[in-house]
Enquirer: 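Quick one: this structure, given as structure tokens, is what I'll be asking you about.
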Amino acid sequence: MTPTTATTSATTSATAPVPPAADHYDGFLAEHYTWMLGGDLGALADAQRAHLSDWGVVPVVPGPAPAAGSLAVDLGCGPGHTSLALAESGFDLVLAVDLSQSLLDELSAHAAEIPAPAVRPVRSDLRTALRDLVRPGSADAVVCLGDTLTHLPTRGDVAALLNDIAGALAPDGTAVLSYRDLTVPLTGTDRFLPVRSAEDRIMTCFLEYPDDYDDYTVVVHDLIHTRSAPEGAWTLHARSYRKLRLAHAWVLEQCRTAGLRVVREETGAGGGMRTVVLRRAV
């Protein structure tokens with residue numbers, strides 16, 4: 001593969017409805033998402049590049065045969081700081097996959113300014129993206145970060161995606177997943193999770209554990225207060241969506257079943273966010 005200029009292509013299936021979480025991000029969170037992460041895509045990409053290096057996510061050194069070019073896939077790329085970090089790490093082509101057109105447009109604009117010709121934003125459903133876009137055994141890296149796994153509609157979709165990741169990876173390729181384990185319900189005020197605050201914007205999440213789906217999902221209520229002037233009144237914007245509750249042990253078992261070998265695990269502050277580095281089992 002050879003590097004291409006940043007373009008956006010639509011590859012979503014007409015028969016597959018957009019997952020509720022994807023609709024929530026595109027219709028509500030997209031305009032705030034880069035701000036939520038810290039506000040500076042360049043700085044975020046620099047920090048993510050250090051993480052990728054630590055996890056061993058680097059282009060595979062080609063053998064004596066002519067190389068087609070190194071390929072990385074960023075599933076659920078959002079505004080693209082990880083995609084940019086992958087390009088800066090030396091990958092010849094980075095497929096930045098998301099269902100939010102506005103976030104992909106933000107990435108395209110930023111990639112054009114740098115410029116980052118290796119980054120190709122693609123609007124596609126994660127449930128079919130790897131099968132639609134990637135030749136089996138050709139990806140040097142597949143990453144699915146930022147709790148994206150829990151945004152899939154069902155646990156069966158998660159298991160199927162892990163199988164697709166295993167099929168897409170090159171023999172020496174690396175996959176990295178990060179997701180939040182919310183199987184143990186938070187109680188009381190611990191259910192309120194501050195995200196970020198500034199003079200003109202404050203964001204908080206509230207988690208609700210309804211009985212209707214037993215232990216299958218958690219309802220996330222995103223609360224964003226904004227004001228247009230320093231002394232102006234605050235306006236509340238609120239919207240909710242469901243996300244999966246994925247037990248860490250269950251995810252690891254699905255990885256093994258898919259033919260992925262765990263080479264490293266990390267646990268974030270508070271024990272909720274998990275990061276797993278994987279290779280194809282031999």
Side-chain angles (χ1 to χ4, degrees), residues 1-11 25 30 33-63 66-124 126 129-130 132-135 137-148 164-165 168-178 264 275 277-279:
M1 293 178 186
T2 57
T4 60
T5 56
T7 58
T8 304
S9 58
T11 60
Y25 270 69
Y33 199 59
T34 298
W35 173 83
M36 287 164 49
L37 296 174
D40 185 334
L41 274 182
L44 289 166
D46 289 342
Q48 195 70 305
R49 184 173 57 187
H51 289 303
L52 293 170
S53 176
D54 189 41
W55 295 329
V57 181
V58 294
V60 175
V61 178
S70 54
L71 169 66
V73 185
D74 182 8
L75 297 173
C77 65
H81 57 290
T82 299
S83 298
L84 296 169
L86 288 164
E88 292 166 359
S89 298
F91 287 93
D92 295 313
L93 176 61
V94 180
L95 298 180
V97 180
D98 208 288
L99 271 174
S100 172
Q101 188 62 56
S102 54
L103 289 173
L104 291 172
D105 289 344
E106 182 180 349
L107 169 57
S108 293
H110 194 79
E113 290 174 0
I114 298 177
V119 178
R120 182 191 294 172
V122 182
R123 185 171 185 264
S124 182
L126 266 62
L130 289 173
D132 290 344
L133 301 170
V134 178
R135 179 169 51 83
S138 66
D140 291 314
V142 178
V143 300
C144 187
L145 306 176
D147 212 21
T148 298
D164 289 347
I165 290 173
L169 277 181
D172 295 323
T174 303
V176 185
L177 313 173
S178 70
R264 181 169 176 175
T275 302
V277 182
L278 305 152
R279 298 279 178 85

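What you see below is based on every heavy atom in this structure, not just the backbone, and it leaves out hydrogens, waters and symmetry mates. This chain uses plain numbering: 1 for the first residue, then up along the sequence. Given the structure is predicted, the values throughout are model-derived calculations rather than measurements.
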Enquirer: Dump the intermediate steps for side-chain contact (heavy atoms from CB on, under 4.5 Å) on Leu169 and Leu278, then the final yes or no.
Expert: CA-CA 10 Å; Leu169 277 181; Leu278 305 152; 5.8 Å; no
Enquirer: Minimum heavy-atom separation for Ser178 to Thr275, with atom names?
Expert: CB-OG1, 3.8 Å
Enquirer: How many angstroms lie between OH in Tyr25 and CG in Leu103, if you round to the nearest 0.5 Å?
Expert: 9.5 Å
Enquirer: Let me know which of Thr82, Val119, Leu104 forms a side-chain contact (heavy atoms from CB on, under 4.5 Å) with Cys77.
Expert: Leu104
Enquirer: Would you compute the distance between atom CG of Asp147 and atom CG of Leu177 and round it to the nearest 0.5 angstrom?
Expert: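 Rounded to the nearest 0.5 Å, the CG-CG separation comes to 11.5 Å.
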Enquirer: How close do Arg279 and Gly56 get, counting heavy atoms only, and between which atoms?
Expert: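 Looking at all heavy atoms of both residues, the shortest contact is NH2-O, 4.3 Å.
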Enquirer: Do Leu99 and Leu126 touch side chain to side chain, with heavy atoms closer than 4.5 Å?
Expert: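 Result no, sub-4.5 Å side-chain heavy-atom pair not found.
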Enquirer: Quick check: does any side chain N or O of Asp92 sit under 3.5 Å from a backbone N or O of Ser70, one acting as donor and the other as acceptor?
Expert: yes
Enquirer: Is the backbone of Gly78 close enough, under 3.5 Å, to the side chain of Asp98 for a donor and an acceptor to pair up by distance?
Expert: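 Answer holds: yes.
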Enquirer: Determine yes or no for a side-chain-to-main-chain donor-acceptor pair under 3.5 angstrom, with Ser53 supplying the side chain and Ala50 the backbone.
Expert: no
Enquirer: Checking His51 against Asp54 for the side-chain contact (heavy atoms from CB on, under 4.5 Å) test, could you report, in this order, the C-alpha distance in whole Å, the side-chain angles of both residues, the deciding distance, and whether it holds?
Expert: CA-CA 5 Å; His51 289 303; Asp54 189 41; 5.6 Å; no
Enquirer: Just wondering, do Leu145 and Gln48 contact through their side chains at under 4.5 Å, heavy atoms?
Expert: yes
Enquirer: Might you point out which heavy atoms bring Ala43 and Asp40 nearest each other, and give the distance in Å?
Expert: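 Result for this residue pair: N-OD1, 3.1 Å.
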Enquirer: Determine the minimum heavy-atom distance between Ala87 and Val94, stating which atoms define it.
Expert: N-CG2, 3.7 Å
Enquirer: Flag the pair Trp55 / Thr174 as yes when at least one side-chain heavy-atom distance between them is below 4.5 Å, and no otherwise.
Expert: no
Enquirer: Rounded to the nearest 0.5 Å, how far apart are OG1 of Thr34 and CD of Glu106?
Expert: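 Rounded to the nearest 0.5 Å, the OG1-CD separation comes to 3.0 Å.
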Enquirer: What is the distance from atom CD1 of Ile165 to atom SG of Cys144, rounded to the nearest 0.5 Å?
Expert: 6.0 Å
Enquirer: For a 4.5 angstrom cut-off between non-hydrogen side-chain atoms, does Val73 reach Val97?
Expert: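 Sidechains of Val97 and Val73: in contact.
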Enquirer: Could you pull out the closest heavy-atom pair between Leu107 and Pro79, with the gap in Å?
Expert: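 The answer is CB-O, 3.3 Å.
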Enquirer: Let me confirm one number: the OG-CD distance from Ser83 to Glu88, rounded to the nearest 0.5 Å.
Expert: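 Spacing of OG (Ser83) from CD (Glu88) equals 11.0 Å.
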Enquirer: Could you tell me which non-hydrogen atom of Pro59 sits nearest to which non-hydrogen atom of Phe91, and how far apart they are?
Expert: N-CZ, 3.5 Å
Enquirer: Dump the intermediate steps for side-chain contact (heavy atoms from CB on, under 4.5 Å) on Val142 and Asp164, then the final yes or no.
Expert: CA-CA 10 Å; Val142 178; Asp164 289 347; over 6 Å; no
